[in-house]
Amino acid sequence: MSKEKPSIPKGTRDFGPAVVAKRNYIFGIIRRTFEKFGYLPLETPAMEQLSVLTGKYGDEGDQLIFKILNSGDFLAKTKPEDVEQGYKHLTRKISEKALRYDLTVPFARFVVMNRNEITFPFKRYQIQPVWRADRPQKGRYREFYQCDADVVGTNSLLCEAEIVQMINGALTDLGLTDFTIKINHRGVLAGIAEAIDEKGREGDICVAIDKLDKIGQEGVRKELLERGITVDAVNKLEPLYDLNGSNEEKLAQLQSILGNTAEGERGLNDLREVWAYLQGLQSKALTAENPSGEPRLMLDVTLARGLSYYTGCIFEVKVNNVSMGSISGGGRYDNLTGMFGLPGVSGVGFSFGVDRIYDVLEELQLFPESSQQSTTALIVQFDKDSEMYALPVLQQLRDAGISAELYPEAAKLKKQMGYADQKNIPYVILIGSEEMASGKLKLRDMKRGEQHDLTIEEIITQLK
RNA sequence: GUGGUUGUAGCUCAGUAGGUUAGAGCACCAGAUUGUGAUUCUGGGGGUCGUGGGUUCGAGCCCCAUCUUCCACCCCA
């Protein structure tokens with residue numbers, strides 16, 4: 001008998017009852033938001049073929065995919081020279097499956113496989129865990145849940161506008177008041193690169209610019225030069241950092257800088273159209289201001305996002321004044337299904353990071369009390385007679401749709417009351433000899449500490 | 001993946017220059033209170049000091065490895 005201490009892998013967590021209750025509260029609000037906008041649920045397997053996932057997230061992403069070792073004698077088909085050719089070569093020989101890295105690529109795979117059954121535009125949402133072999137930190141786990149909503153089969157920028165609406169709606173319903181929805185466009189980034197005579201280098205430029213609020217303008221300048229961007233280009237780039245004024249004014253300023261680049265023009269037109277849709281939708285995201293006075297929806301040319309499949313608008317959401325990375329992000333991808341042999345299907349989607357939202361709500365104490373209670377009423381018993389008397393009462397409560405339980409033994413009152421207190425049960429019903437004789441049960445409101453003698457019918461009415 | 005950091009009772013932490021039976025608060029259990037919880041009083045249980053090696057007469061404390069935590073890069077939900 002080995003008595004090893006049990007443990008769970010790095011970056012994974014157990015969720016106890018109280019935590020699950022709060023997580024379900026978040027899932028519920030997100031699910032309702034998605035459904036309000038016409039998205040329907042989809043679920044896909046935890047594991048995908050490795051070939052489906054590789055190459056979709058850039059080199060960095062490929063490194064972070066959890067591979068599953070082939071079962072059985074996984075070395076059967078390998079030869080000594082496979083080892084000599086390095087781990088990447090060997091990986092393909094001993095691993096054919098991998099845990100999904102996000103929900104967007106499996107969705108694209110699903111669309112391609114079911115292209116003949118699907119009616120386009122196809123709107124789906126998906127709430128499932130994903131896995132990344134990242135090094136864990138606060139708010140960064142190796143297993144975490146994403147809540148994705150994507151639509152494929154339409155180029156309409158109404159989808160982008162509705163994504164802004166969904167983000168604003170869900171986060172507002174969760175009680176958040178100080179958050180920023182950043183929006184940008186890959187075309188704008190490409191146009192900027194072209195306008196400063198560094199066409200095609202937007203990748204390097206983005207990685208550097210993205211750190212602006214972290215390392216400052218000087219730090220970014222240094223990094224850009226290290227990445228081989230010319231001094232000339234950096235000088236042209238820097239005025240873009242502090243575009244000021246309203247979003248409309250920013251668009252106008254960008255127009256004069258990028259107007260004559262094809263990509264830049266495409267990006268600006270898309271963004272203007274998104275704004276027009278939002279105005280039509282009377283978007284609260286468009287008019288809302290954060291406590292700081294900044295607009296909630298912000299055009300941010302420094303927003304980059306690493307996932308390599310994005311081609312159009314990109315989004316990212318940051319809760320202000322908490323130490324937490326982005327809690328939501330997404331964008332448009334024009335050719336994801338093309339990689340699986342179905343070209344010409346444009347898609348756009350975004351994702352909420354529930355685990356981070358959870359940590360933020362916890363920090364800001366925004367979980368409502370109702371998300372933390374389990375049972376509505378506990379029946380306390382005193383002896384065998386009262387237990388038997390309580391059984392039909394218990395059933396009547398449940399038939400009336402009230403979640404109820406009977407303490408399963410005639411333990412001391414203190415213990416039974418303590419149980420209710422611990423479990424955050426708001427009402428206790430006491431059934432003893434007096435109550436059985438009179439037919440009036442004692443209903444105790446645990447929060448107020450008051451109790452009244454009531455018939456079972458009266459109790460049901462009150463608790464319903 | 002690179003460089004750091006953390007790990008002592010269920011939880012939050014003490015633990016002095018390596019020296020007998022490792023402590024506190026909270027939580028838990030029992031009693032004060034044989035029909036009433038979150039307050040009060042009394043008593044009680046619980047730790048092979050993350051794990052595995054090593055140095056030493058002797059290690060919670062020193063060394064190595066490993067796992068874990070958190071942080072900065074990288075990247076990202």
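In what follows, chains carry the letters A, B, and so on, assigned in the order in which the sequence lines appear, proteins first and then strands, with residues in each chain numbered from 1. What you see is a predicted model; the values in this text were computed from it and never measured.
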Contact class for [X] vs. all strands (heavy atom < 4.0 Å): base, sugar-phosphate, or nothing?
{"X": "G139(A)", "answer": "base"}
{"X": "S326(A)", "answer": "sugar-phosphate"}
{"X": "L413(A)", "answer": "base"}
{"X": "V354(A)", "answer": "nothing"}
{"X": "G11(A)", "answer": "sugar-phosphate"}
{"X": "G449(A)", "answer": "base"}
{"X": "E435(A)", "answer": "base"}
{"X": "Q63(A)", "answer": "nothing"}
{"X": "S433(A)", "answer": "base"}
{"X": "F352(A)", "answer": "nothing"}

So, the side chain of [X] versus the backbone of [Y]: is there a donor-acceptor pair under 3.5 Å, distance only?
{"X": "R332(A)", "Y": "T311(A)", "answer": "no"}
{"X": "N184(A)", "Y": "F315(A)", "answer": "no"}
{"X": "Q416(A)", "Y": "A411(A)", "answer": "yes"}

Can you see whether Y145(A) has R23(A) sitting over its ring - NZ or CZ less than 6.0 Å from the centre and within 45° of the normal?
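Yes, cation above the ring, under 6.0 Å and within 45°.
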Check for me whether R124(A) meets the cation-pi criterion with Y39(A), that is, NZ or CZ under 6.0 Å from the six-membered ring centre and within 45 degrees of the ring axis.
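So R124(A) doesn't make the cation-pi contact.
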[X] has a side chain; which of [options] sits nearest to it?
{"X": "V207(A)", "options": "G35(B), C76(B), C75(B)", "answer": "C75(B)"}
{"X": "P136(A)", "options": "U69(B), C71(B), G35(B)", "answer": "U69(B)"}
{"X": "D421(A)", "options": "A77(B), U2(B), A38(B)", "answer": "A38(B)"}
{"X": "Q137(A)", "options": "C74(B), G35(B), A77(B)", "answer": "C74(B)"}
{"X": "K211(A)", "options": "G1(B), C74(B), G31(B)", "answer": "C74(B)"}
{"X": "R356(A)", "options": "C75(B), C76(B), G37(B)", "answer": "C76(B)"}

How many whole angstroms separate atom [atom1] of [X] from atom [atom2] of [N]?
{"X": "L303(A)", "N": "C75(B)", "atom1": "CG", "atom2": "P", "answer": "14 Å"}
{"X": "R142(A)", "N": "A77(B)", "atom1": "CZ", "atom2": "P", "answer": "17 Å"}
{"X": "K138(A)", "N": "C73(B)", "atom1": "NZ", "atom2": "P", "answer": "16 Å"}
{"X": "K10(A)", "N": "G7(B)", "atom1": "NZ", "atom2": "P", "answer": "17 Å"}
{"X": "K412(A)", "N": "A30(B)", "atom1": "NZ", "atom2": "C1'", "answer": "8 Å"}
{"X": "L103(A)", "N": "A77(B)", "atom1": "CG", "atom2": "P", "answer": "11 Å"}
{"X": "L441(A)", "N": "G35(B)", "atom1": "CG", "atom2": "C1'", "answer": "14 Å"}
{"X": "I8(A)", "N": "U68(B)", "atom1": "CD1", "atom2": "P", "answer": "10 Å"}

Let me spell it out: for each of K442(A) and S328(A), pick the nucleotide of RNA chain B with the closest heavy atom. Which residue's pick is nearer the 5' end?
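Final value for this comparison: K442(A).
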Y145(A) or L430(A), whichever maps to the more 5' nucleotide of RNA chain B
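This one resolves to L430(A).
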On a plain distance test, is the side chain of [X] in donor-acceptor contact with the base of [N] below 3.5 Å?
{"X": "R135(A)", "N": "G3(B)", "result": "yes"}
{"X": "R140(A)", "N": "C75(B)", "result": "yes"}
{"X": "Q451(A)", "N": "U36(B)", "result": "yes"}

Is there a Watson-Crick or G-U wobble partner for U51(B) with both distances under 3.5 Å, and if so, which one is it?
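Across any shown strand, U51(B) pairs with A65(B).
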With both distances under 3.5 angstrom, what nucleotide forms a Watson-Crick or G-U wobble pair with C29(B)?
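WC or wobble partner is G43(B).
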Could you measure between the two [atom1] atoms, the one in [N] and the one in [M], and give it in whole Å?
{"N": "A38(B)", "M": "U34(B)", "atom1": "P", "value": "15 Å"}
{"N": "C62(B)", "M": "G18(B)", "atom1": "P", "value": "8 Å"}
{"N": "U5(B)", "M": "C73(B)", "atom1": "C1'", "value": "15 Å"}
{"N": "U55(B)", "M": "C64(B)", "atom1": "P", "value": "15 Å"}
{"N": "G54(B)", "M": "G58(B)", "atom1": "P", "value": "12 Å"}
{"N": "U6(B)", "M": "G43(B)", "atom1": "P", "value": "38 Å"}
{"N": "U51(B)", "M": "C67(B)", "atom1": "C1'", "value": "7 Å"}
{"N": "C49(B)", "M": "U21(B)", "atom1": "C1'", "value": "15 Å"}

Check the orientation of Y358(A) and F367(A). Use parallel for under 30°, tilted for 30 to 60°, and perpendicular for over 60°.
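Ring orientation of Y358(A) relative to F367(A): tilted.
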Aromatic plane relationship, Y125(A) with F34(A) - under 30° parallel, 30 to 60° tilted, over 60° perpendicular:
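The arrangement is tilted - the two ring planes meet at 30° to 60°.
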Ignoring hydrogens and angles, state whether a donor on the side chain of T12(A) or E143(A) is under 3.5 Å from an acceptor on the partner side chain.
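No, no side-chain donor-acceptor contact under 3.5 Å.
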Around K22(A), counting heavy atoms of other residues, nucleotides and ligands shown, do more than 12 lie under 6.0 Å from its NZ?
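More than 12 within 6.0 Å, yes.
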Would you call F144(A) stacked on A77(B), i.e. ring centres under 5.5 Å apart with the planes less than 30° off parallel?
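Yes, the aromatic ring of F144(A) stacks with the base.
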If the cut-off is 4.0 Å, is Q422(A) near the phosphate of A38(B), judged by side-chain N/O to OP1 or OP2?
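For A38(B), neither OP1 nor OP2 has a side-chain N or O of Q422(A) closer than 4.0 Å.
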